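Because the structure is a prediction, the values reported are computed rather than measured.
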Amino acid sequence: MEAPTAGARKPPRGIYLLPNLFTTAAMFAGFYAIVASIGGRYVDAAIAVFVAAILDGLDGRVARLTGTQSEFGVQYDSLSDLVSFGIAPSLVLYNWSLVHLQAYGPGWGKVGWSAAFIYAACAALRLARFNTQVGVADKRYFQGLASPAAAGLCMSFVWAIENGNLYGLSVNEMDFATPIVAVVAGLLMVSRVRYYSFKAWPLSDRVPFIAIPVAMLVLVALTIDTARVLLAITGLYLLSGPALTLWGLRRKRSERAQRGAGKGAS
């Protein structure tokens, strides 16, 4: 490792507080989501989780821009993610819908809290695996659904139903769908399915011109119907993982077949 040059300036010690403030704010948003769901304010809880996701995306970028990355920041961010995207969404789902399954019998009540626990446990496992792969994994892709994306799927689902915007279906009619959403999101987090990571995007200062009108259309759509558009975006991202994984497997199989054909011809 090269020794620091004599003229190199170290960033002020106080600047290390900046990225950790964003991390703390993200954890606060997740904690607020739990409190809001206990009080029956489920839309507020869903919005709080999305705010946590925005803040979580900013803390790492701020740390890289200011040169204040640290091992403490990495571990603190992971603990914050567990609160905001693991515990908070599972409890919001439970208070919003899963707890009502016990009205259908003791067995269904166990299904409700088990689904919430599976989601929370999978989020913890996902974050632990991510921490062990830092520095060795391909930064272009995530192995398994990222916890903020899983939380976004679950919270947009809650938000859309609460607003009565999901094909007119009510909360009671979706009681049996909520465990499926929670378990599927949880299992995808710990799966080996590859998802594209936007952390390295954009790759340069230039982007295709088409990106500007597409971004404008997305912003307009979010203004018109935020909940359903967020649900559509997170749902498409969830499906992109299996599609990307299957495409990669098919390409590898094709490359092996071509190599085998080349060896046979030689």
Side-chain angles (χ1 to χ4, degrees), residues 26 30 46 49-50 52-54 56-57 60-61 77-78 81-82 84-90 92-93 115-161 166 174 177-203 207-208 211 214-215 218 221-222 226-256:
V49 173
F50 278 104
I54 295 173
D56 178 67
R61 292 183 182 273
D77 180 70
S78 182
D81 288 354
L82 178 59
S84 300
F85 311 125
I87 303 300
S90 65
V92 172
L93 288 174
F117 174 74
I118 288 172
Y119 177 91
C122 287
L125 291 169
R126 168 70 175 81
L127 292 166
R129 184 177 67 182
F130 178 80
N131 285 348
T132 61
Q133 294 177 341
V134 171
V136 297
D138 188 345
K139 293 184 178 180
R140 296 175 301 170
Y141 303 100
F142 289 126
Q143 183 178 341
L145 184 64
S147 57
L153 173 72
C154 295
M155 294 301 96
S156 59
F157 177 73
V158 172
W159 193 351
I161 298 295
L166 195 61
M174 298 301 292
T178 306
I180 299 175
V181 173
V183 172
V184 168
L187 294 180
L188 281 174
M189 280 192 283
V190 297
S191 70
R192 298 181 64 86
V193 175
R194 291 203 311 171
Y195 283 90
Y196 183 76
S197 168
F198 294 96
K199 287 189 174 183
W201 191 88
L203 299 177
V207 295
V214 168
V218 171
L222 286 170
T226 307
R228 277 205 292 187
V229 172
L230 287 174
L231 181 59
I233 292 173
T234 54
L236 288 173
Y237 183 68
L238 181 144
L239 295 175
S240 71
L244 179 63
T245 301
L246 291 174
W247 178 77
L249 292 174
R250 182 177 180 181
R251 188 180 63 176
K252 288 181 179 179
R253 190 178 300 113
S254 176
E255 290 175 352
R256 285 197 299 266

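No donor-acceptor pair closer than 3.5 Å links the side chain of S191 to the backbone N or O of G144. Side-chain N or O atoms of Y196 include none that pairs as donor or acceptor with a backbone N or O of L244 at under 3.5 Å. A donor-acceptor pair is defined here as one N or O able to donate and one able to accept, closer than 3.5 Å; no such pair exists between the side chain of R228 and the backbone of S156. A donor-acceptor pair is defined here as one N or O able to donate and one able to accept, closer than 3.5 Å; no such pair exists between the side chain of R192 and the backbone of Q143.
Residues A221 and V229 approach most closely at O-CG2, 3.4 Å, considering heavy atoms. Residue G30 comes nearest to A88 through the heavy atom pair O-CB, 3.4 Å, listed as atom of the first residue, atom of the second, then distance. The shortest non-hydrogen separation linking Y119 to G186 is CD1-N, 4.0 Å. Summarising the geometry of A185 relative to C154, their closest heavy-atom pair is CB-SG, 4.0 Å, with the distance given to 0.1 Å.
A distance of 12.0 Å separates CG in L153 from CD1 in I233, rounded to the nearest 0.5 Å. Taking CZ of F130 as the reference point, atom CG of L125 lies at 15.0 Å (rounded to 0.5 Å). Taking CG of L239 as the reference point, atom CG of L188 lies at 9.0 Å (rounded to 0.5 Å). Here the CZ atom belonging to R194 is positioned 11.5 Å from the CG atom belonging to L246, to the nearest 0.5 angstrom. Interatomic distance, T226 OG1 to F50 CZ, rounded to the nearest 0.5 Å: 10.0 Å. The line from OG1 of T234 to CG of L145 is 9.5 Å long, rounded to the nearest 0.5 Å.
Counting only heavy atoms from C-beta outward, the side chains of F142 and V193 never approach each other to under 4.5 Å. Counting heavy atoms from C-beta outward, M155 and V92 have side chains that approach closer than 4.5 Å. Residues S90 and F117 fail the side-chain proximity criterion, which asks for heavy atoms closer than 4.5 Å. A 4.5 Å side-chain heavy-atom check between S84 and V49 finds every atom pair outside the cut-off. Counting only heavy atoms from C-beta outward, the side chains of F85 and D56 approach each other to under 4.5 Å.
Applying the side chain to side chain donor-acceptor pair (under 3.5 Å) rule to S147 yields no partners; only residues at least two apart in sequence or on another chain are considered. Every residue two or more places apart in sequence or in another chain that forms a ring-ring contact (aromatic ring centres under 6.0 Å, His included) with Y195 is listed here: Y237.
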Legend entry - Test side chain to side chain contact (heavy atoms under 4.5 Å, CB included) applied to L187 and V183, step by step: CA-CA 6 Å; L187 294 180; V183 172; 3.8 Å; yes
